[in-house]
*Asks:* 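Below you'll find the structure I mean.
Per chain, numbering begins at 1; letters A, B, ... match sequence-line order.
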Protein chains: 2
Amino acid sequence: MAQNGKLATDLVQKLERDIVTGVLKPGDKLDERSLSERFGVSRTPVREALQTLAGSGLVATMPRRGTIVASITVAELIEMFEVMAELEAMCARLAARRMPRVDIDNLIALADECSALQEHADADAYYEANVRFHEAIYAGCRNSFLERQTKNVRNRLAPYRRLQLHRPGRVKKSNNEHADILSAISNGEADIAGKLMQQHVAVQGEALNDLLAIVPRGYLEPLAS
Amino acid sequence: MAQNGKLATDLVQKLERDIVTGVLKPGDKLDERSLSERFGVSRTPVREALQTLAGSGLVATMPRRGTIVASITVAELIEMFEVMAELEAMCARLAARRMPRVDIDNLIALADECSALQEHADADAYYEANVRFHEAIYAGCRNSFLERQTKNVRNRLAPYRRLQLHRPGRVKKSNNEHADILSAISNGEADIAGKLMQQHVAVQGEALNDLLAIVPRGYLEPLAS
DNA sequence: CTATGCAATTTTGTATACCAGAGATGCGTT
DNA sequence: AACGCATCTCTGGTATACAAAATTGCATAG
């Protein structure tokens, strides 16, 4: 999409990965000079990269005050999860209608992978497999624009979403929900698949309170922005 | 969101307006040098602005080959309308549940405005009022993230959406649909409001063919990207 | 007359230098 | 001792200069 120069593109990908995987945490300062030295390029491509990331919402830059990894407010977090749930629901609905058999078989394999990892109570490994399962459904909707939009929101929520699974019992519950979603998609029951996915992703009531309770300091900023 | 320098921000807004309002058409070349001369600034803020616009998808830049106003493929157009319909449907659903009375009254006024303009068969004036009506519903969903996402997609579709209303009879039909949507929102019937909005925005079957038929040359590019 | 290849020009991508604004720090005054 | 103002420094914003790549046009050969 944002096709900048080669150096800048590389930087975008590296920084994106670091942010999504949690190496860089919300609130971390991204100094242009240090970045340019660290990567051995001038400030220009660094600025372009930060610009691009700001466009996708992963970082926030205040004029004359520098750039930081985007930290969002509680209100925004709730809003974004609300939208995320609906986008994924749409993916699931469309996937139920459009996903070819061979891809469904692949989806089944990914679900099995999740189940296998769930036994070992390794939240991080499960998280990775979970991402693959969800991405397979994004791809199944056969709407690459929707797929991009969904991934974009997912990336922005990644630092927070990762925390969810560290709640005791959540991994098991998540895995059970996968089974139901999978069967709905496999049976072509679009509305059911959508509804299940919506509930799977939405963070409401108790779950929201639990999530907010374990969000580290600095991941959220006060409402006054 | 993308807080760049003052000059760059100005440029973003100007170019955005020109693209959304159709002054700049899909496929138009955006030369950095001419733009910098035209606005009396150096190339740097121009590049930043183009970068930002590329991030939001309004322009496309190919490395070493320059930047043009984004022209999308038929496939993308269909995909984007599909997502747009769902985003607006979500706005309508939430608006039906959350919109305060006073805002609904305002929405009624906007619908009346549309009706009044519809009589005069002035497609452009109707288009503007139509935008205000829809934006009031975006605001009514009380989810500013969803509002931003929706507006972003809407902007990208603007050059094509504008064409829709020039189809004979479409304005009248659109206006009738507004009335139904309005009453559903007013009555708090979320699912109905969503469904109506989805159908209102979606471009399917005959309507899609009609739209494609009147899209000017250059607005669409061949599928091979 | 056409096609291919080379060269020149145009335009983008990168680096660097310069400028301006915001925050920090220290000194003076009350 | 505390508050306020001024200055100083650090960081971002802008301009410009330079390098690399792509397109275009012309020339030459088939």
*Asks:* Send over the distance from L7(A) CG to dA20(D) C1', rounded to a whole Å.
*Replies:* 12 Å
*Asks:* Output one letter per nucleotide in nucleotides 7-12 of chain C: B when a protein non-hydrogen atom lies under 4.0 Å from the base, S when only the sugar-phosphate is that close, - when neither is.
*Replies:* ----SB
*Asks:* Atom CG of L11(A) to atom C1' of dG13(C): distance rounded to whole Å?
*Replies:* 13 Å
*Asks:* Please answer whether the main-chain N or O of Y219(B) pairs with a side-chain N or O of Y160(B) as donor and acceptor at a distance below 3.5 Å.
*Replies:* yes
*Asks:* Are the charged groups of E147(A) and K151(A) less than 4.0 angstrom apart, N to O?
*Replies:* yes
*Asks:* Would you kindly give the CD-to-C1' distance between E48(A) and dT14(D), to the nearest whole Å?
*Replies:* 13 Å
*Asks:* Check the phosphate of dT14(C) against T44(A), side-chain N and O only, distance under 4.0 Å to OP1 or OP2. Yes or no?
*Replies:* no
*Asks:* Look at E88(B) together with R154(B) and state whether they make a salt bridge at an N to O cut-off of under 4.0 Å.
*Replies:*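 No, no charged N to carboxylate O under 4.0 Å.
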*Asks:* Quick test of your reading of the model: are R156(A) and E76(A) salt-bridged, counting only N-O distances below 4.0 Å?
*Replies:*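 Looking at R156(A) and E76(A), the cut-off is not met.
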*Asks:* For the pair E32(A) and T67(A), evaluate side chain to side chain donor-acceptor pair (under 3.5 Å) and give the outcome as yes or no after the intermediate values.
*Replies:* CA-CA 8 Å; E32(A) 295 181 358; T67(A) 302; 5.1 Å; no
*Asks:* For the pair made of CG in L50(A) and C1' in dG13(D), what is the distance, rounded to whole Å?
*Replies:*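 Spelled out: CG on L50(A) to C1' on dG13(D) is 13 Å.
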*Asks:* Round to the nearest Å and state the distance from I68(A) atom CD1 to dG12(D) atom P.
*Replies:* 12 Å
*Asks:* Tell me which donor-acceptor pairs under 3.5 Å the side chains of residues 98-108 of chain B have, and how far apart each pair is, sequence neighbours excluded?
*Replies:*
unit_1  : atom_1 : unit_2  : atom_2 : d
R98(B)  : NH1    : E82(A)  : OE1    : 3.3
R98(B)  : NH1    : C141(B) : O      : 3.1
R98(B)  : NH2    : E82(A)  : OE2    : 2.5
R101(B) : NH2    : S186(B) : OG     : 3.3
D103(B) : OD2    : R142(B) : NH2    : 2.8

